[in-house]
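Here the structure is laid out as structure tokens; the discussion comes afterwards.
Each chain gets a letter, A, B and so on, in the order the sequences are listed, and its residues count up from 1. Values below: every heavy atom of this structure, side chains too, minus hydrogens, waters and symmetry copies.
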Amino acid sequence: MKFGIYPGCSLTGSARDYNESVFAIAEAFGLEFTQIPDWNCCGATAAHNLNKELSLALPARILALAEKNGLEEIIVPCAACYSRLVVTQHELKKDPELKNRICEVIEMDYRGTSVILNVIEWIDKYIIPKLEEKIVKPFNHKVACYYGCLLVRPDKILNYDRAEDPQTLDIVMSKIGAAPVDYPFKTECCGAGLSISRTDIVSKLSGKIIEDAEHRGAEAIIVACPMCHSNLDMRRPDINKYWKAKYKIPVIFVTQAIGLAIGLPAEKVGLKRHFVEVKIS
Amino acid sequence: MARIGVFVCHCGENISATVDCGKVAETIGNLKHVAYSTEYKYMCSDPGQTLIKDAIKEHNLTGVVVSACSPRMHEPTFRKACAEGGLNPFLCEMANLREHCSWVHEKNELTTEKAIDIVRTQVEKVKLNSALQPIKVPVTKTAMVIGGGIAGIQSALDIANTGHKVIMIERSPSIGGHMSQLSETFPTLDCSQCILTPRMVEVAQHPNITLYTYAEVESVEGFIGNFKVKVRKKAKSLDEKACTGCGLCTTKCPQKKIPNEFEQGMGMRPAIYVPFPQAVPNRPVIDRENCTYYIKGKCKICEIVCPTKAIRFDQPDEILELEIGAIVVATGFDIKHADFFPEYGHGRYKDIIDGLQFERLASASGPTAGVIKRPSDGEIPKNIVFIACAGSRDPAKGIAYCSKICCMYTAKHAMLYKHKVHEGKAHVFYMDIRSGGKNYDEFVRRAIEEDHVNYIRGRVSTVFERDGKLIVKGVDTLLGAQQVEIVADMVVLATAGVASSGAEDLAQKLHVSYDSHKFFAEAHPKLKPVETNTAGIFLAGACQNPKDIPDAVSQASGAAVKVAALFSQSELTREPLVAIVNRTSPPTYSTCVGCFMCQSVCPYQAIEREEFKARDGKVVKTVAKINEGLCQGCGTCVALCRSKSIDLLGYSNTQVYAEVVALLNEY
């Protein structure tokens with residue numbers, strides 16, 4: 001089975017670690033990806049704040065390219081890209097006139113037939129069934145699963161997991177031997193796109209997320225979003241400065257944790273690229 | 001020769017503002033067979049009705065068309081007027097010029113044209129009307145009240161006090177309902193049990209009331225005045241006559257770890273139990289699902305200790321067949337469990353409880369004897385948060401409607417807490433305070449001003465536990481949407497009031513309508529709030545929508561009056577607008593072929609099989625026969641009859657056809 005993969009801007013840049021871990025576990029499970037050829041920006045936060053048509057046309061072009069290349073299922077590891085693609089598919093499905101208009105804009109056919117998976121859905125569908133036999137080193141650690149804002153939202157469109165108290169990441173982690181802690185900060189805001197413009201706000205918000213995870217004895221924060229990761233990991237020095245603290249808890253992508261559990265070396269799943277040193281293995 | 005009179009009503013300006021009533025009356029007056037046509041400002045008024053009565057006599061009318069409002073509004077009025085004028089009331093038809101025309105169109109010629117068309121159809125129809133005689137049916141003067149909460153109790157007592165028999169059905173082992181669980185009641189803070197239990201005893205002792213607890217309605221057949229109700233009396237595993245209610249069995253039962261429903265799971269009960277000490281009847285039942293004997297086949301300790309040998313392990317359920325004249329539904333409400341709101345932590349953290357659980361905590365008869373102790377460790381909470389609208393008025397997550405009682409009981413809870421824990425702090429998160437009602441707003445103000453309850457206008461986003469404390473995160477929208485974080489020892493959720501479990505099932509058994517929230521539907525939201533759309537079935541209390549005690553009691557008395565009015569007649573008169581299978585003499589000439597497709601679609605089980613036998617007793621033909629007592633005149637059978645053998649009296653195929661033809665023809 002060949003999947004399309006839409007990396008978006010982060011997986012080729014700041015989240016190379018995430019990208020490497022997705023590819024590494026896919027390879028270990030005999031799954032192959034085809035990168036959607038000639039993909040473009042999903043529009044991120046900027047487009048839908050400026051121009052609705054643009055914000056739909058950008059993801060529609062990506063989906064149209066996937067259709068054109070016969071990619072029936074696309075995995076979108078970045079939670080923000082995922083959200084844009086899913087919302088676009090939903091909007092165009094419920095409004096055929098809008099769909100026709102967008103097709104004119106992108107000068108391509110768009111049917112909306114591709115199945116879009118976020119990383120947890122993908123793990124659920126293709127990794128979990130074969131996971132047990134592959135585990136060589138159970139991930140026996142207490143973890144705090146952090147979902148952020150976009151992974152399971154908007155819930156009316158996704159109809160997947162519970163928006164305010166999601167469980168899917170916890171379930172995946174417990175399957176590889178981890179013990180998720182009761183963690184109320186699962187969907188609290190990390191500061192998101194203010195990562196660049198207002199690091200002080202990111203420091204304040206992300207600091208609370210990290211503090212509570214450490215307080216509950218978690219040994220790692222598990223994420224599935226490049227933005228969450230960069231705020232919690234890359235901005236750690238700012239966070240520690242802001243809160244006058246010495247938070248050391250590492251932030252690990254769910255795919256990296258699975259990689260470790262099935263015996264992949266830390267380098268292979270990008271764990272050496274983190275800003276906060278990952279000592280657990 | 002038909003001589004039709006047409007009476008065009010202005011309905012004040014409701015019709016005449018957009019319809020030229022004069023032109024309608026004039027045009028219709030020129031039609032063939034119309035002997036008299038006139039207009040008047042208020043046809044339903046006394047002079048208007050007199051106009052009709054006089055015209056019937058003066059012009060020797062054979063039919064009347066009143067062109068006014070919806071027949072739902074005034075058809076009975078005008079039929080009565082016709083009858084008084086000497087005309088069979090079923091020779092009167094209404095043309096709906098208001099709802100069907102004037103209210104929905106602009107003032108112009110087309111509107112008047114449409115009005116003329118509407119009247120024309122009715123003129124054509126009324127020509128074919130036949131004089132019908134009302135159907136008389138006898139009345140069984142016994143009422144059934146379903147549900148033994150405060151609404152049911154009030155209704156039953158009121159009906160019984162008019163001298164009529166009442167049968168009360170309650171599915172749990174005791175009557176009393178939710179009110180018996182409450183600690184104090186707003187806005188007076190009088191003890192709920194103290195005002196309720198005397199009523200419960202009155203029900204049990206009233207000579208006109210027969211009480212069946214641990215019983216449920218199995219099926220309902222029949223119609224107003226003549227219901228046949230099957231009731232399943234669940235086996236209590238007890239000879240109720242032999243039992244003295246000494247309670248020895250309940251103390252000796254070795255199974256003691258069953259969550260107590262009456263205590264909302266905050267206490268335990270044995271397998272043989274009386275729900276609460278003041279229960280009526282004060283006799284235990286065996287909960288067979290949790291009884292060691294029924295699970296493992298041995299134990300029988302209750303049987304051994306019973307001094308009067310009243311335990312009956314092999315007692316079967318009993319089915320009672322009851323003849324009932326009227327039914328009052330008073331099945332009450334449930335509270336919505338908070339698991340749809342996972343961020344509020346109900347069920348995950350022990351010290352987050354719902355409103356009914358708090359009632360038990362505050363109740364002198366509750367698991368803590370009225371001391372406010374938190375469930376996790378029995379400590380007295382120093383800081384308590386009440387969250388109003390936990391599910392109500394929240395179409396995205398909960399239910400769209402307002403549960404009505406929560407604002408008041410939350411104020412009461414906060415007050416009770418402050419009265420018991422003087423040094424404690426109580427906070428209430430609310431959306432709006434809805435305290436309409438006699439002395440209600442004063443009550444809330446008292447909580448705020450005298451008892452210093454901290455009211456915070458805003459929603460709570462999440463509640464979680466940290467180091468044994470509950471962190472409540474919310475917003476204060478009166479302080480510029482400032483974020484609020486309260487470290488609490490206990491949180492009480494005012495969860496939404498929802499329809500009682502099994503309400504939908506019961507509604508279907510009773511053939512009464514219910515809304516999308518499974519609350520029973522009243523016949524008219526304003527003018528028929530206690531009636532249902534099914535004649536002879538009435539509503540009382542929170543089965544219709546969440547209600548407080550005064551509202552439930554008022555409605556219960558209203559329902560009782562309806563029942564008493566019904567029982568004041570020796571026989572009932574029903575409209576004869578029922579379906580009829582055509583019959584000619586001899587009956588074998590009926591065109592009915594006996595396919596009985598009509599029987600399978602009839603929603604009221606009104607179609608019976610009628611056999612014609614030859615002299616030797618052999619069945620020569622079987623045809624459908626409609627029980628006019630059961631038929632509601634819906635017409636489903638007419639539409640389905642393949643041989644066109646069924647007609648609806650008053651709405652026959654030829655009458656409806658005449659209406660259609662009138663519209664197609666020029667006049």
* **Heavy atoms of other groups near B:K350 NZ, more than 12 under 6.0 Å** => no

* To do: Please indicate whether A:K125 has more than 12 foreign heavy atoms, meaning atoms of other residues, nucleotides or ligands, lying under 6.0 Å from its NZ.
  => yes

* Does atom NZ of B:K382 have more than 12 heavy-atom neighbours, drawn from other residues, nucleotides or ligands, at distances under 6.0 Å? -> yes

* To do: Indicate yes or no: at least one non-hydrogen side-chain atom of A:R162 is less than 4.5 angstrom from one of B:E343.
  => no

* Taking NZ, NE, NH1 and NH2 as the nitrogens, is one of them in B:R466 or A:E211 under 4.0 Å from a carboxylate oxygen of the other? -> yes

* Asked: Heavy-atom distance under 4.5 Å to chain B: side chain of A:D212, backbone, both or neither?
  -> both

* Asked: Within a strict 4.5 Å, meaning less than it, do heavy atoms of the A:Y183 and B:F464 side chains meet?
  -> no

* Measure the spacing between CG of B:D467 and NE2 of A:H215 and express it to the nearest 0.5 Å. => 3.0 Å

* **NZ/B:K404: more than 12 non-hydrogen atoms of other groups inside 6.0 Å** => yes

* **Neighbour count above 12 (heavy atom, 6.0 Å) for B:Q508 CD** => yes

* To do: Answer yes or no: is there a side-chain heavy-atom contact under 4.5 Å between B:Y344 and A:D165?
  => no

* So does A:E132 have more than 12 non-hydrogen atoms from other groups sitting under 6.0 Å from CD? -> no

* Structure fact -> Under 4.5 Å to a heavy atom of chain B? For A:K186 that would be neither

* **A:K248, NZ atom: more than 12 neighbouring heavy atoms under 6.0 Å** => no

* Are A:E188 and B:K473 close enough, and set up right, to give a salt bridge (charged side-chain N to carboxylate O under 4.0 Å, His left out), and what steps lead you there? -> CA-CA 11 Å; A:E188 290 295 303; B:K473 292 175 85 171; 3.3 Å; yes

* Which bit of B:R348 comes within less than 4.5 Å of chain A, counting heavy atoms only: side chain, backbone, both or neither? -> side chain

